[in-house]
Undergrad: 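One structure is given below, represented as structure tokens, and several questions about it will come after.
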Number of protein chains: 2
Amino acid sequence: MPKLEDVAKRANLSKTTVSRVLNNRGYLSQKTIDKVYQAMEELNYHPNVVARQLYKNKTDLIGILLPTVANPFFGELTAFLEDDLYQQGFKVLIGNSMNNPQKEADYLQQLLIKQVDGLIVGTHNQGIEQYHQSGLPIVAIDRIMNEDIPVIASDNYRGGILATERLIERGAKKIIHTNGPNDLETPAKRRREAYEQVMKAHNLSPITYEVDFNITPADKVKILRRIFLEHPDVEAIFASNDTDAAQIMQIAQNLGRQIPRDLLLIGYDGTQIVRELLPQLTTVIQPIDQMAKKSVAVLKQRLAQESTKKEYLLPVKLQEGTTG
Amino acid sequence: MPKLEDVAKRANLSKTTVSRVLNNRGYLSQKTIDKVYQAMEELNYHPNVVARQLYKNKTDLIGILLPTVANPFFGELTAFLEDDLYQQGFKVLIGNSMNNPQKEADYLQQLLIKQVDGLIVGTHNQGIEQYHQSGLPIVAIDRIMNEDIPVIASDNYRGGILATERLIERGAKKIIHTNGPNDLETPAKRRREAYEQVMKAHNLSPITYEVDFNITPADKVKILRRIFLEHPDVEAIFASNDTDAAQIMQIAQNLGRQIPRDLLLIGYDGTQIVRELLPQLTTVIQPIDQMAKKSVAVLKQRLAQESTKKEYLLPVKLQEGTTG
DNA sequence: TTGTAGGCGTTATCAG
DNA sequence: CTGATAACGCCTACAA
């Protein structure tokens, strides 16, 4: 690997001059510029990014810490984030915590150490201390971390209202909701709040099933199946996400219940892929693209030491399918 | 940010000694070790990764260049790759080319420059010169690049046979196949070869529709719809991937054709998410986990300057749903 | 318009 | 067992 010095020697110039050409800084004669470019060509020279990073004390790298890009929501989110960040001159380091606190802590420890200039987090683990003392610019997506980390989320409360009211409008009275564990401080909890408030406002009793994130698919099916066992008269389900909704569709089918005739169903997220594969599913669309864009924008503010709001809410939309 | 020197000063030692403690190298008295650790604690010191990278001339970063993690296949692949690489002590830099040659070239130029220790590529663009002269260890997934870059792929030929024979066994004669553009040098082409050979072996005429990768969803629907217009008597379709298969399901439904009664359908890929959302879809499962594992293993061989085979084929499996 | 010298934070060699 | 010193490759005051 040739270095600056090699180029300089070949062009009969100093390292400084070559560096100047590289960064077009200061006055340079055209002749010098040409000589330098020629020498670079001949040697197939490329500047060493790491050396630059060391000097500049920045890496132009942004870390993205999420449960897993295998999940459509996070996959699509990552794609949008990557695209935005790329436009802004950043590259992306990913860490998939797989809901494993150990792995998450590990990543954090490593990323916080000057490896990245900033961090976008959307993991589900609670109370990882390191976030606090890091000093690294961070934004959180759909996850409340602590006072000084801004949160980007969709308007979960409104989403909960849209879904619940729609089910009620369509005549359902016994409506069940699934959500994540209630002890997790996440904006998604507001869907549950909205659901419960709407139900009560209509004199209906809310019933929420809590489904943990990191359980096996088999266990999840078991929990969802329980809904039907424990509430055979259920008329509608507002699921916490589209894949759960899909599972519920299978289960209902196995139990001989036709959707929407015997059961109304509304999901949540509305990712591109789900809309392609299950266009019949009624769901609440989170504006993943906008969430990504906003996250990057807020992170840039943080990087520039500008102050930010504590929370940014993006609008949701009801996607009308045939299931609910 | 405190540095080695600060720790040294605080512990009344030299940088050398502190560095030794950090990397437990050489002989050290317990007392010294304790002092160093204490000083590090007090200062909340963390070694600067970039400085290390510069000295060691390696980053422990692996680049993954793919069309987009928003696609379930690549999303799941990325998740597995990340997990494997993490186990091996690497971190992952992603680049989503979005099938944009400009962006891909851009990424390459940047990544090849000592920013990553190795590269895993699965993009669809042809003839990007830089791959050749890079000298960087590279492996390609499902994509033929050039002679000295090993390819990891599933056994596409066998997949093509499994799907086609199944459709024939189930009584279909007029079977249509969709595939990517034929001028692309990709292992996926072998599915088409297999399809055409099996068809001919049964005295049936193969018909392949070529579907470009980077076209709008609307255009894709148009092409797929054409199948039914141009071949109203089509009895079965072997789609090049599951999302296309899903589209075909919608179209068939809109045209009043019941699957599997009026049309048999087999997809390809068998990602986790598709199996969850569309369990009824018969499809050929690519062993994404194994492909990831093998890619990482081969990349490690390359990094260790060991020689590798040119191609690694992993076994596929037919997932029997109800559509075909 | 170009060159010299010192530093970014770490590690390794070699001496003590 | 520990310390001084020179590298890793680049960038920028400051000088010329």
Side-chain angles (χ1 to χ4, degrees), chain A residues 1-40 43-61 109-117 135-136, chain B residues 1-40 43-61 109-117 135-136:
Chain A
M1 277 272 142
K3 43 183 179 173
L4 207 59
E5 199 176 347
D6 302 322
V7 179
K9 274 195 189 126
R10 186 167 191 101
N12 281 317
L13 291 164
S14 73
K15 296 195 309 183
T16 313
T17 306
V18 177
S19 170
R20 280 210 189 87
V21 174
L22 230 61
N23 304 286
N24 14 249
R25 211 183 292 296
Y27 300 94
L28 295 160
S29 75
Q30 190 56 48
K31 211 177 97 197
T32 305
I33 296 176
D34 294 343
K35 268 203 299 189
V36 170
Y37 275 115
Q38 193 187 336
M40 294 199 307
L43 295 171
N44 189 24
Y45 166 82
H46 295 286
N48 179 315
V49 184
V50 175
R52 257 186 193 161
Q53 291 175 341
L54 178 59
Y55 184 86
K56 301 236 159 159
N57 195 29
K58 71 196 202 37
T59 58
D60 291 332
L61 248 41
Q109 183 157 44
Q110 307 222 21
L111 293 188
L112 296 182
I113 314 314
K114 301 267 69 179
Q115 168 102 271
V116 295
D117 292 346
L136 194 74
Chain B
M1 277 271 144
K3 43 184 181 172
L4 207 58
E5 198 175 348
D6 301 321
V7 179
K9 273 194 190 125
R10 187 167 191 100
N12 280 319
L13 290 163
S14 72
K15 296 194 313 183
T16 313
T17 306
V18 176
S19 171
R20 279 210 189 86
V21 173
L22 229 64
N23 305 285
N24 15 251
R25 212 182 294 296
Y27 301 94
L28 296 159
S29 75
Q30 189 58 47
K31 212 177 94 196
T32 305
I33 295 176
D34 294 343
K35 268 202 299 190
V36 170
Y37 275 114
Q38 195 189 334
M40 293 198 310
L43 296 170
N44 189 24
Y45 166 81
H46 294 287
N48 179 314
V49 184
V50 175
R52 260 186 191 163
Q53 290 175 342
L54 177 59
Y55 188 88
K56 301 232 158 157
N57 195 27
K58 70 195 201 46
T59 58
D60 291 332
L61 247 41
Q109 183 158 44
Q110 307 222 22
L111 293 187
L112 296 181
I113 314 314
K114 302 267 67 181
Q115 168 104 268
V116 295
D117 292 346
L136 192 76

Undergrad: Are OP1 or OP2 of C:dG3 and a side-chain N or O of A:S14 less than 4.0 angstrom apart?
TA: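 Affirmative; the distance criterion is met.
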Undergrad: Distance from B:L22 atom CG to B:L4 atom CG, nearest 0.5 Å?
TA: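 If I round to the nearest 0.5 Å, the distance is 6.5 Å.
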Undergrad: If the cut-off is 4.0 Å, is B:N23 near the phosphate of C:dT11, judged by side-chain N/O to OP1 or OP2?
TA: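 Indeed, a polar side-chain atom of B:N23 lies that close.
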Undergrad: Rounded to the nearest 0.5 Å, what's the gap from CD on B:Q115 to CG on A:N48? Could you check?
TA: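 Spacing of CD (B:Q115) from CG (A:N48) equals 9.5 Å.
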Undergrad: Between B:N23 and B:R52, does a side-chain contact (heavy atoms from CB on, under 4.5 Å) hold up when you go through it step by step?
TA: CA-CA 12 Å; B:N23 305 285; B:R52 260 186 191 163; 3.7 Å; yes
Undergrad: Using side-chain heavy atoms (C-beta onward) and a distance below 4.5 Å, is A:Y45 in contact with A:D6?
TA: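 The answer is no; the side chains never approach within 4.5 Å.
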Undergrad: For the atom pair CG (B:L54) and NZ (B:K56), what is the distance rounded to the nearest 0.5 Å?
TA: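 It comes to 12.5 Å.
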Undergrad: How many Å lie between OH on A:Y27 and C1' on C:dT1, as a whole number?
TA: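 To the nearest whole Å, that distance equals 10 Å.
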Undergrad: Taking the nucleotide of DNA chain D with the nearest heavy atom to each, does A:E5 or B:T16 sit closer to the 5' end?
TA: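 Result of the comparison: B:T16.
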Undergrad: What is the first contacted nucleotide of DNA chain D and what is the last, in 5' to 3' order, if contact means an atom lying under 4.0 angstrom from a heavy atom of chain A?
TA: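 Answer, 5' to 3': D:dC8 to D:dC14.
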Undergrad: To the nearest angstrom, how far is B:Y55 atom OH from C:dC8 atom P?
TA: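 The answer, rounded to whole Å, is 18 Å.
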Undergrad: For the pair made of NZ in B:K15 and P in C:dT11, what is the distance, rounded to whole Å?
TA: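 Those two atoms, NZ and P, are 10 Å apart.
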Undergrad: Could you tell me whether the phosphate oxygens of C:dT10, OP1 or OP2, come under 4.0 Å of any side-chain nitrogen or oxygen in B:S19?
TA: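 No, B:S19 has no side-chain N/O under 4.0 Å of OP1/OP2 on C:dT10.
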Undergrad: Could you state the atom-to-atom distance from CG of B:D60 to P of C:dT11 in whole Å?
TA: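 Result: 13 Å.
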Undergrad: Between P on C:dT2 and CZ on A:R25, what's the gap in Å once rounded to a whole number?
TA: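 So the two atoms are 16 Å apart, to the nearest Å.
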Undergrad: Both B:L13 and A:L4 contact DNA chain D. Taking the nearest nucleotide for each, which residue is further toward the 5' end?
TA: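 Of the two residues, B:L13 wins.
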Undergrad: Separation of B:K58 atom NZ from C:dT11 atom C1', in whole Å?
TA: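 Atom-to-atom, B:K58 to C:dT11, this comes out as 13 Å.
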Undergrad: Looking at every non-hydrogen atom in both residues, tell me the closest pair between B:T59 and B:V116 and how far apart they are.
TA: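 The pair with the smallest heavy-atom distance is OG1-CA, 3.6 Å.
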Undergrad: Between C:dA12 atom P and B:N57 atom CG, what is the distance in whole Å?
TA: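 Interatomic distance, CG of B:N57 to P of C:dA12: 13 Å.
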Undergrad: Specify the separation, in whole Å, of atom CG of A:L54 and atom C1' of C:dG6.
TA: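 Result: 14 Å.
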Undergrad: Please round to the nearest 0.5 Å and tell me the distance separating atom CZ of B:R20 and atom OG1 of B:T16.
TA: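 Rounded to the nearest 0.5 Å, the CZ-OG1 separation comes out at 6.0 Å.
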